[in-house]
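One structure is given here, and the rest of the page talks about it.
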Number of protein chains: 2
Amino acid sequence: MAERKRGTVRDLRRDNRSVLLRALYFGEPRSRQELSAETGLSPASVSNVVRDLMNEGIVVEVGSVDSDGGRPRVLLRVNPEYGQVIGVDVGETRVQVELFDLAMTERAKADYPLEHGHDPSEVVPRILAGVEAVMADAGVDASSVLGVGIGVPGVVRQRPEVIVEAQTLGWYSVPLERLLRAGTELPLLIDNGANTMGRAELWFGSGRGARNAVIGLIGSGVGSAVISDGSPDRGSDASAGEWGHTPLIVDGRRCRCGNIGCLEAYVGAEAMLERYTEAGGPPLSGDQETALASLILEAACPDTVAALIVDETVCYLGASIGGLINLLNPERIILGGWAGLLLGDRYLDALRAAASRHTLHHLYNTTSIELCRLGPDAVALGAATLPLENFLTG
Amino acid sequence: MAERKRGTVRDLRRDNRSVLLRALYFGEPRSRQELSAETGLSPASVSNVVRDLMNEGIVVEVGSVDSDGGRPRVLLRVNPEYGQVIGVDVGETRVQVELFDLAMTERAKADYPLEHGHDPSEVVPRILAGVEAVMADAGVDASSVLGVGIGVPGVVRQRPEVIVEAQTLGWYSVPLERLLRAGTELPLLIDNGANTMGRAELWFGSGRGARNAVIGLIGSGVGSAVISDGSPDRGSDASAGEWGHTPLIVDGRRCRCGNIGCLEAYVGAEAMLERYTEAGGPPLSGDQETALASLILEAACPDTVAALIVDETVCYLGASIGGLINLLNPERIILGGWAGLLLGDRYLDALRAAASRHTLHHLYNTTSIELCRLGPDAVALGAATLPLENFLTG
DNA sequence: CGAGTTAAATCAAGCCCTGAAATAAGCAGT
DNA sequence: ACTGCTTATTTCAGGGCTTGATTTAACTCG
């Protein structure tokens, strides 16, 4: 991401335009006058900028509201048809591609199972095919697509070139952007899947409006996205958010990362199932997801091995959430991921209680702990917000 | 802190001026030409802004360098004599006030022991007296003082009015700014002492140039300042940074915060001494500070109780540092506080090793763990950076 | 149907940044 | 000392931007 230029009077215009566009995008339809009051820009400037935006087709008028006795206010909003964005979710078992209009209404979707492994040579063609397919399906031309966002399960380094390290896919230093670039002209934006999912919740889910939040994602493992002051805190190397490897139990279980006592060694689905087996729980059938579901179902009966494991997990997770609140004082903690939701659906209150036991009072009181609201497509949706954000920034 | 206005062509000027002023302040003396290249502003604009700054006396010329064959470059720098800033460190036992010029050279200092308790009615007059004293001492007029920064040991809420909660002082909801306002016209800026100390390290100590860092302060307890993307991350309520209460040992020791297993229940000076006593260590004389020093000295002999406690402490602290690195991926971890330095002086390498055992490899490799470089006056120095920052921002 | 009211557009003024051109301030050689 | 040559800084005209004031538009109400 190149340093955004600043300093000329033209950049000023771009900034103001962006401010207005964002206000319109994230809020209800509004009149120029209201926009002026809201953004602090003069009515004259709002008029000017809006004229440009309307000429470009980005903003449209949508009716008007009577004002007692005067000229009615004309309501404006972003034209959802102005363009489209594409979001890609690269998972361990499939590649999912979705196309959205600017209102983030899904317009087309394509799904490609990864039956022959997940080597880049398998994945890249499917992403490209998916992008073509959704554009064809939705009947839109590449020229109106603002960009493609891609969420991958691994660490994404942005500089000097986009490089993906995804152990679970067996990807080591894969120059994903370069590989895709051979097959498309569209702007490509790549980020970690947990981050894109976090973005989705932040923009359209439980995180709406929060300026400081942590989105915790519990699936097979544990990841997170830290939002500080309205934008994701990526750390020095764009690889922040490894919540799962916070030490929680000194001299504890060995984690798959090789270290000892990590949160993920207790709280991810994989760890929960292992702990269940180690504790002598009766065997569970099915894949990880169904197994964990039965585990949690069984935990409803007190005094079972499952109940013990789940209680412990809630304790551990709550404690770690408490630590996050103490350290970062976010206004919201948002819990998601398939395993997180499975757990949260039944144990959210218990989690809150566990967290409160490890949080300084005055901090706990200014924070809320909630579940993700978006479904399984959130990774793709969040990925699609990457080009959307670029569009809004101008 | 009012929302900074943006959007007019005048604000643009202010921003550009600020960019130049910061570049000059933090760097070596430089020519206009170099500034232009560095900031991206046109040479013409640099000339204009610099002319203003020189007319105001903020920037001065300091010699010139020959250029091979052409007109020599005139070197510019911020005039340290343009103004002064005052930093106040409100501690549990004394109030310290220091006056600095813009180069942050100390020009005067005043110290007031708090012999009659630390009620605001004791502290406030001493702060005011100190401010007057250092101005008189340095022979500067209030009109050239840019502001007073104050670091207090507690949680500082900035809105809607500055309110300090400082349990260790027995302060509950103290409107410190309002109380001081009765006695001075100078701009007042108040923040948590750990934060101001962190600012000092970030600006002038081990943190110079870091954009993502965590400054961990270990004294009697454990606090921290999280720097994300160049500025302190204060969380939603300006009270982030409570690293000390991160859960580290499930079912562990009770912490003075009332919760269980906090880092601070193991790693602060108070906790270390308690653990030492509980483990049957021979009694240590003197106040907390000398006691801890002897404890650490004794730990040099293997197989003593002290050695056990210190080893454990290093393990715990290292683990927690690892967690910070995983979560935030900072480029630097800076360890300070009197107890932190005492420990770090002898055990920094052990700490690094302990941290690396709890950090994902690729994250550990992009981070360095260092000790604070500034002395005991860092709180006041950091507090003084508060008005300095306002000055640089314009 | 005209007076009153409110919303939006237009206009002139005032700033700001920039590239180009002009000026300043040295060096090297003669 | 003088003439070119080189490089740094300033000056200047041009083009943009935002803004408060002024118009114009679009209704309501009596």
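Quick caveat, the model's predicted, so the values are computed rather than measured.
In this entry the distance linking CD of B/E61 with P of C/dA25 reads 11 Å, nearest Å. Separating the CG atom of A/N16 from the P atom of C/dC16 is a distance of 16 Å, rounded to the nearest angstrom. The nearest whole Å value for the distance from the CZ atom in A/R10 to the P atom in C/dC15 is 22 Å. Taking atom CZ of residue B/R71 and atom P of nucleotide C/dA25, one finds them 5 Å apart after rounding to whole Å. Rounded to whole Å, atom P of C/dC15 lies 21 Å from atom CG of A/D11.
Nearest-nucleotide positions on DNA chain C for A/P72 and A/A44 put A/P72 closer to the 5' end. Ranked by how close their nearest DNA chain C nucleotide is to the 5' end, A/V74 and A/G7 are led by A/V74.
The backbone N or O of A/G382 sits less than 3.5 Å from a side-chain atom of A/T385, completing a donor-acceptor pair.
Put simply, chain B comes within 4.0 Å of DNA chain D, heavy atom to any atom, from D/dT6 to D/dT19, going 5' to 3'.
Residue pairs meeting the salt bridge (Lys or Arg N to Asp or Glu O under 4.0 Å) criterion with at least one partner in residues 40-54 of chain A, sequence neighbours excluded, are A/R13-A/D52. Applying the salt bridge (Lys or Arg N to Asp or Glu O under 4.0 Å) test to pairs two or more places apart or on separate chains, those with a residue in residues 76-86 of chain B are B/E81-B/R107.
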Which protein N or O atoms sit under 3.5 Å from an N or O of nucleotides 1-4 of chain C?
unit_1	atom_1	unit_2	atom_2	d
C/dG4	N2	A/G69	O	2.4

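The number of heavy-atom neighbours closer than 6.0 Å to CD of A/E28, taken from other residues, nucleotides and ligands shown, is 12 or below.
Remark: the B/Q84 side chain and the B/S144 side chain contain an N/O donor-acceptor pair separated by less than 3.5 Å. Side-chain contact of B/R14 with B/T393: a donor-acceptor pair under 3.5 Å is absent, judged by distance alone. Between the side chains of B/Q33 and B/S36, no donor N or O sits under 3.5 Å from an acceptor N or O.
Residues from residues 23-42 of chain A lying near DNA chain C, meaning a heavy-atom separation below 4.0 Å, are A/S31, A/R32, A/Q33 in numerical order.
Not a single ring-ring contact (aromatic ring centres under 6.0 Å, His included) links A/Y25 to another residue, sequence neighbours left out.
Within the model, atoms CG of A/L53 and CG of A/L21 stand 6.0 Å from one another, a figure rounded to the nearest 0.5 Å.
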Problem set entry | Criterion salt bridge (charged side-chain N to carboxylate O under 4.0 Å, His left out) on B/R73 and B/E61, from CA distance to verdict | CA-CA 10 Å; B/R73 287 179 285 233; B/E61 301 188 338; over 6 Å; no

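Closest to the side chain of B/S45, out of C/dT18, C/dC16, C/dA25, is C/dT18.
Regarding contacts with the backbone of C/dC17, a side-chain N or O of B/R13 is found under 4.0 angstrom from either OP1 or OP2. Considering only side-chain N and O atoms, A/N48 lies nowhere under 4.0 angstrom from the phosphate OP1 or OP2 of C/dA9.
Checked options B/R234, B/Q158, B/R199; the residue passing with B/D191 is B/R234 (criterion: side-chain hydrogen bond (donor to acceptor under 3.5 Å, both in side chains)).
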